[in-house]
Protein chains: 2
Amino acid sequence: MSKITIQEIAILAGVNKATVSRVINGNRNISEKTRKKVEDIMKQYNYVPNSIARGLATNKTFTVGFCFDYTNKQAYANPFFYKVLQGIEEVVYDRDHMFLMMSDHDGKSDRSTFERVVVEHRVDGVIIPNTLLNERNYELLAKHNMPFVVSGENTLPQVDVPWVDIDNVQAGRVLTEHLLNLGCRSIMIYAGGSAALRDKFLSDRLTGYREAMRQHHLEAQVIEHADLLKSFHDPQEYASEGQRPDALICCTHEQLFEILDWENGNPLLAELALATFDSFPMSKYLKYPVHFVEIDLEMMGKQAAQMLFSLMNKEPGVPPSISIRTQIGK
Amino acid sequence: MSKITIQEIAILAGVNKATVSRVINGNRNISEKTRKKVEDIMKQYNYVPNSIARGLATNKTFTVGFCFDYTNKQAYANPFFYKVLQGIEEVVYDRDHMFLMMSDHDGKSDRSTFERVVVEHRVDGVIIPNTLLNERNYELLAKHNMPFVVSGENTLPQVDVPWVDIDNVQAGRVLTEHLLNLGCRSIMIYAGGSAALRDKFLSDRLTGYREAMRQHHLEAQVIEHADLLKSFHDPQEYASEGQRPDALICCTHEQLFEILDWENGNPLLAELALATFDSFPMSKYLKYPVHFVEIDLEMMGKQAAQMLFSLMNKEPGVPPSISIRTQIGK
DNA sequence: ATGAAAGCGCTAACAA
DNA sequence: TTGTTAGCGCTTTCAT
């Protein structure tokens, strides 16, 4: 219904449309009198500038994109994931932009929606998860020189890209210290061997754990294979361990679930403090209580968006990356 | 980088840009020869039409919006909620449109982002959750005659709006029948009194349960207050019940959690088949197994999007609403 | 079947 | 400080 255009406003205000345009864009070279007059008319007629036309004239879209990785169950296993979107949205709309969603699993089309958005320049900048930032996508963004921020630490070794992520080292430290404060002294960490080498977020959590343990002059006990844990089933092996383990940190939910699957078979489980990263609902309804660090996903979204705007505006001194601190949950 | 315009393509192909435009839009009034020629040039130069310019000329945005209700914890308690988005996205991009996100919790701005998107005509149509479709928003959409579809059954009594929702009656029936098939005969349903009256999805589930029970000539046992359940704590009351309850359907997760909170205190819990609606991860790690109906959220998103396109294209015979069937999970 | 030209609503030199 | 005038890239009559 907002059919009224800048031209009509101009006529109604008795000025040229260029003048109205200047008012809209907050140009300072305008007399207080005409500014007031134009603003009154605009308000009176509920004038809303047509952003499409604006975009055509300025070669901007006033839109920021977010690339969803629907294949990444890991991400959505966290039901609070939408908080990231909320954080982004808040910043994006605060800056008078829109928020476009896309993904990179190509459907029937020859181009993924992500590719289309970039190629068609439907956004002025984009936030992409590290799981989706492969060389191909990086090239694409670079070729179209589209500003972008990676959510999750950069996993492309060959290039330097701006990213925002949870501070996993700090998270590992905090969680370990929490257990130490609870009185635990023999804290194991389950960090599944090969995965820990491949995924930086895992090795970072491990690093945090090691730091905290060293600081308390305790020995790190890293479990690399589930088999090692299963040996605790055997009361004899169990006893042979010099010190009786009193806590177990699982680096991922999957690992936690593995442990929980022991069911009643393991005598150790009942007296073991379990801990993991990232909260989830119903944790209190699990068979055993689980300690965890809470991640401020909304903040992560906000930071990513703010970083993106800085990049889009070519602001100087944009940090190459941002790490978000965590704290013990609940 | 796709700086090449329709004009340049026209020159390269030795035709007028109107001809190129016709090729782009699949106009039939074109010789096979020139069409081929133009298409070759377009491909050769990786020409991508500027959708902003297209939008300006046609007064369209080629964009569909989705309004997020960030305040609705209920929705996001379901970690598979993102499947709805995936379903929508698939359809939207399939039809060469973009997918915009917005919300209706006004931040600092005087207008919610939802309102801004509508007023600024940033989308050609929008999907809005029923929790957000109040009179104000309805008026807004109507005033700007913006096509829309409600996700979740319509809760505005005074108006008729197109909606897509889970078939909760059928879900109630299916879940009850599943328990019956398992051999349960005394099936209770916990349907929290006032809430069941207020929320249609609750009363629908109840209806489905009643239908199934009636069909099997069994008596419906509706628990309206948690107190009634607690009485089962008492072995005496327990015995006085003519028939020993063997199953309990919880209408919501919250109710299920209430029950689970009984912990070890209740002798009934261990021998009671628990059931609820809507799946969730980790259900297998709960203290007791829980039966549930699975909801095809992706389908829900797809249907909503398809319905919206039908509306946008003013197709005849668009159904007033769509109910999605469910099935027993896992 | 194709071309010419007017516009979509706005911005941004350049003038005045 | 304000007005004039080109565009931005595309669609769409209206001619031919």
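Order of the sequence lines fixes the chain letters, A, B, ..., with proteins taken first and strands second; residue numbering starts at 1 for each chain.
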Handout entry: side-chain contact (heavy atoms from CB on, under 4.5 Å) between A:Tyr93 and B:Val117, intermediate numbers included
Key = CA-CA 10 Å; A:Tyr93 280 90; B:Val117 168; 3.8 Å; yes
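- The pair A:Glu8-A:Lys3 fails the salt-bridge criterion, with no side-chain N (NZ, NE, NH1 or NH2) lying under 4.0 Å from an Asp/Glu carboxylate O.
- Look at A:Tyr47 and you won't find any side-chain N or O under 4.0 angstrom from OP1 or OP2 of C:dG9.
- Classified by interplanar angle (parallel below 30°, tilted 30° to 60°, perpendicular above 60°), the ring pair A:Tyr70/A:Phe68 is tilted.
- If you check every strand for non-hydrogen atoms under 4.0 Å, B:Asn29 touches a base.
- Between the P atom of C:dG7 and the CD atom of A:Gln7 lies a distance of 12 Å, rounded to the nearest Å.
- Listed nucleotides: C:dT11, D:dT13, D:dT11. Nearest to the side chain of B:Arg22: D:dT13.
- Set against C:dA5, C:dT2, D:dT4, the side chain of B:Ala18 has C:dA5 as its closest nucleotide.
- Within the structure, a side-chain polar atom (N or O) of A:Ser31 is placed less than 4.0 Å from OP1 or OP2 of D:dT2.
- Axis angle across the helix from C:dA1-D:dT16 to C:dA16-D:dT1, with five pairs used at each end and values rounded to 10°: 40°.
- One interatomic measurement links the two molecules: NZ of A:Lys60 to C1' of D:dG9, which rounds to 18 Å at whole-angstrom precision.
- In this structure, B:Val20 reaches neither bases nor backbone, as no heavy-atom distance under 4.0 Å exists between it and the strands shown.
- Remark on DNA chain C: of its neighbouring residues A:Leu56 and B:Glu32, the 5'-side contact belongs to B:Glu32, judged by nearest-heavy-atom nucleotide.
- For the pair B:Arg54 and B:Phe62, the cation-pi test (distance below 6.0 Å, angle within 45°) is passed.
- Out of C:dC10, C:dT2, D:dT2, the shortest distance to the side chain of B:Thr19 is found at C:dT2.
- For A:His121 and D:dC10, the NE2 to P distance is 13 Å, given to the nearest whole Å.
- For B:Ser21, whose side chain is taken as the heavy atoms from C-beta onward, the closest listed nucleotide among D:dT11, C:dA12, C:dG9 is D:dT11.
- Here the P atom of nucleotide D:dC8 and the CZ atom of A:Arg54 are 19 Å apart, to the nearest Å.
- A donor-acceptor contact closer than 3.5 angstrom is absent between the side chains of B:Arg122 and B:Thr63.
- Across all strands shown, B:Ile30 has heavy atoms under 4.0 Å from sugar-phosphate atoms exclusively, and none from any base.
- In this structure, A:Ile11 places its CD1 atom 12 Å from P of C:dC10, rounding to the nearest Å.
- The residue B:Thr34 sits close only to the backbone: its heavy atoms come under 4.0 Å of sugar-phosphate atoms, none of a base.
- Just one residue in the list B:Leu133, B:Val150, B:Asn137 forms a side chain to side chain contact (heavy atoms under 4.5 Å, CB included) with B:Leu156, and that residue is B:Leu133.
- Applying the 6.0 Å contact sphere to CD of B:Glu315 captures more than 12 heavy atoms from other residues, nucleotides or ligands.
- At the phosphate of D:dT11, OP1 or OP2 sits under 4.0 Å from a side-chain N or O atom of B:Asn25.
- In this structure, the nucleotide among D:dG9, C:dT2, C:dA4 sitting nearest to the side chain of B:Thr5 is D:dG9.
- Closest to the B:Lys17 side chain, of the nucleotides D:dC10, D:dG3, D:dT2, is D:dC10.
- Heavy-atom contacts from other residues, nucleotides or ligands closer than 6.0 Å to NZ of B:Lys60 number 12 or fewer.
- Considering only side-chain N and O atoms, B:Asn16 lies nowhere under 4.0 angstrom from the phosphate OP1 or OP2 of C:dT2.
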